[in-house]
Amino acid sequence: MLKKAKKSLSAVLSAAVVLGCLSSAGTTTAIAEELPVLSVSCHPAYISTPLAYAISQDMSKDYGFEMDVQVYASGAPQNEALGSGLWDVGVIGGAFVTSVNTYDAYVIGDFIDGRDGNAIFVRADSDIAAATGSNPTYPDILGSAETVKGKSLITNIGTTGHVQAQKWLEALGLTENDINIVQMDYAAGYQAFEAGEGDILATIGPYSTRALVNHTDDWAVAGGFLSLDLLQYENIVCSSSAMEEKRDLLVSFVRMILDANDILAQDQDLVVETYMNWMAENGQEVDEEEARMECQQKPVMTSEQVQELIDNNFGEYERMVWEMNIESGVISADSISKLDTNVTSDLMREALEME
């Protein structure tokens, strides 16, 4: 049995006020200091685990702010709320493209290496699963142009799952025009594929890990970020108004997430516990075997790893996702200029330099 987190997450989700106390003479000292508040958006998903740890340990006060935490089912409603000005900073996946392109948000950090937490599934008895070696550059992928063309692929368009599907098709010499893409959110898509709908499922955790646990005999992994040699990180995104008005707090938020990562990276059991408690707090029970697999597949990035990313290839993943969205017609080609202005490592650098 996993032990309970130090504090109930629900007890610290809303902004609080640091209040004064009574003097020894029994009179009120009238000391009431309010910390500034960051409105923080996230998901009931593994991506929120470092934030969930920070919430459970009430860490934000040590970094000079309070958090008003808002939980959204996925990137789409999270972005709609961003457009309504409801949050300052959030953790998000491939939907960062909409955040930046549509709502002029900023990508200010990468904090989870998610390459192994996504997968493309086909049925084990399909002709797709039987087709191997069609592209020697990617020897582990399944399928061929002949077996995949004309098939139905279920995914959540404009997200991480969609990106891996695009790259898989490209590796097979196909484009999206060669197949039938069925738009579903991840939960509905998983259920539909499990019920026999569609030929291909491009999904992410926890559904990919759930499939690996429950469908090892009847589903096969046709591809994914690792087998296609792709980068994939989870992102920290902030609103344009927060960048203008709360920049120092954003730097502190990034530092808090990186410090939480450094703690979690030393204790895999703590990562699993935090993730499972977070999901339970948000009405979703996760099997421990699935949780442990997902936590291993998608490691949090330590401060040292983030520094290495900054020094080498920060922004390459974001560019790849952006270009794939252009290719699929989700966004216009001239939007590419936003990568130079709205994807920045400056706040991560400053966070790493904080005392």
Side-chain angles (χ1 to χ4, degrees), residues 43 45-50 75 90-101 105-120 135 137-141 155-172 186 202-205 208-209 221-237 254 257-258 261 265 294-328 330-331 335-336 338-340 342-349 352:
H43 303 158
Y46 173 75
I47 185 176
S48 301
T49 301
V91 295
I92 200 167
F96 78 85
V97 173
T98 300
S99 310
V100 175
N101 185 57
Y106 289 79
V107 174
I108 59 173
D110 294 342
F111 70 106
I112 288 176
D113 182 347
R115 288 174 293 172
D116 196 23
N118 313 280
I120 301 165
N135 187 331
T137 304
Y138 308 108
D140 295 327
I141 68 172
T155 195
N156 195 353
I157 294 173
T159 66
T160 304
H162 184 205
V163 170
Q164 68 180 335
Q166 290 170 311
K167 285 295 188 179
W168 177 66
L169 290 170
E170 184 180 294
L172 298 176
Y186 288 122
T203 192
I204 64 172
S208 55
T209 51
V221 177
F225 278 80
L226 282 181
S227 60
L228 290 163
D229 195 25
L230 302 173
L231 297 173
Q232 199 266 308
Y233 301 107
E234 310 294 4
N235 310 111
I236 301 173
V237 169
V254 173
I257 294 297
L258 295 182
N261 277 8
E294 186 164 13
C295 293
Q296 291 171 345
Q297 289 175 329
K298 299 163 71 172
V300 297
M301 298 174 67
T302 65
S303 294
E304 183 177 348
Q305 290 170 327
V306 169
Q307 183 65 64
E308 183 179 351
L309 178 65
I310 293 171
D311 293 340
N312 291 283
N313 59 353
F314 174 73
E316 286 186 15
Y317 160 69
E318 287 78 10
R319 180 169 295 277
M320 178 195 72
V321 177
W322 202 279
E323 290 174 347
M324 294 306 295
N325 275 271
I326 290 174
E327 288 178 23
S328 63
V330 175
I331 57 178
S335 68
I336 197 80
K338 289 197 172 183
L339 289 173
D340 296 324
N342 289 46
V343 177
T344 175
S345 63
D346 290 351
L347 280 72
M348 285 193 298
R349 291 182 187 275
L352 289 168

Pair Glu318-Asp110, side chain to side chain contact (heavy atoms under 4.5 Å, CB included): steps then yes or no: CA-CA 10 Å; Glu318 287 78 10; Asp110 294 342; 2.7 Å; yes
In the structure I gave you, are the side-chain heavy atoms of [X] and [Y] within less than 4.5 Å of one another anywhere?
| X | Y | result |
| --- | --- | --- |
| Phe314 | Val343 | yes |
| Arg319 | Ile336 | yes |
| Leu352 | Ser303 | yes |
| Pro299 | Asp113 | yes |
| Ile112 | Tyr46 | yes |
| Ile204 | Thr159 | no |
| Leu231 | Met320 | no |
| Val330 | Val97 | no |

Any salt bridge linking Arg115 with Asp229? Criterion: basic side-chain nitrogen under 4.0 Å from a carboxylate oxygen. no
Do Lys167 and Glu170 sit within salt-bridge range, that is, some charged N less than 4.0 Å from a carboxylate O?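 Salt bridge flag = yes for Glu170 with Lys167.
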Test your reading of the model: is there a side-chain donor-acceptor pair from [X] to the backbone of [Y], 3.5 Å cut-off?
| X | Y | value |
| --- | --- | --- |
| Asn135 | Ala171 | yes |
| Asn101 | Ser335 | no |
| Ser99 | Ala105 | no |
| Thr203 | Tyr186 | no |

Measure the spacing between [atom1] of [X] and [atom2] of [Y] and express it to the nearest 0.5 Å.
| X | Y | atom1 | atom2 | value |
| --- | --- | --- | --- | --- |
| Glu294 | Ile47 | CD | CD1 | 10.5 Å |
| Leu226 | Asp116 | CG | CG | 4.5 Å |
| Phe111 | Leu309 | CZ | CG | 13.0 Å |
| Leu230 | Tyr138 | CG | OH | 7.0 Å |
| Thr344 | Tyr106 | OG1 | OH | 9.0 Å |
| Asn118 | His162 | CG | NE2 | 14.0 Å |

Closest heavy-atom contact between [X] and [Y]?
| X | Y | value |
| --- | --- | --- |
| Gly161 | Ala202 | O-CB, 3.5 Å |
| Ser208 | Gly117 | OG-O, 3.1 Å |
| Asn235 | Gly93 | OD1-O, 3.4 Å |
| Lys338 | Val100 | NZ-O, 3.5 Å |

Checking Ile120 against Gln164 for the side chain to side chain contact (heavy atoms under 4.5 Å, CB included) test, could you report, in this order, the C-alpha distance in whole Å, the side-chain angles of both residues, the deciding distance, and whether it holds? CA-CA 8 Å; Ile120 301 165; Gln164 68 180 335; 3.9 Å; yes
How about Glu308: does its CD atom have over 12 heavy atoms from other parts shown lying under 6.0 Å from it?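 Open: at most 12 neighbouring heavy atoms sit under 6.0 Å from CD of Glu308.
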Under a plain distance cut-off of 3.5 Å, with no hydrogens placed, do Trp168 and Ser227 share a side-chain donor-acceptor pair? no
Do you see a donor-acceptor pair shorter than 3.5 Å between the side chains of Gln305 and Asn261? no
Taking the inter-plane angle between the rings of Tyr317 and Tyr233 on a 0 to 90° scale, is it parallel (under 30°), tilted (30 to 60°) or perpendicular (over 60°)?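 Plane angle over 60°, so perpendicular.
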Show your reasoning for whether side chain to side chain contact (heavy atoms under 4.5 Å, CB included) applies to Thr49 and Val300. CA-CA 9 Å; Thr49 301; Val300 297; 5.7 Å; no
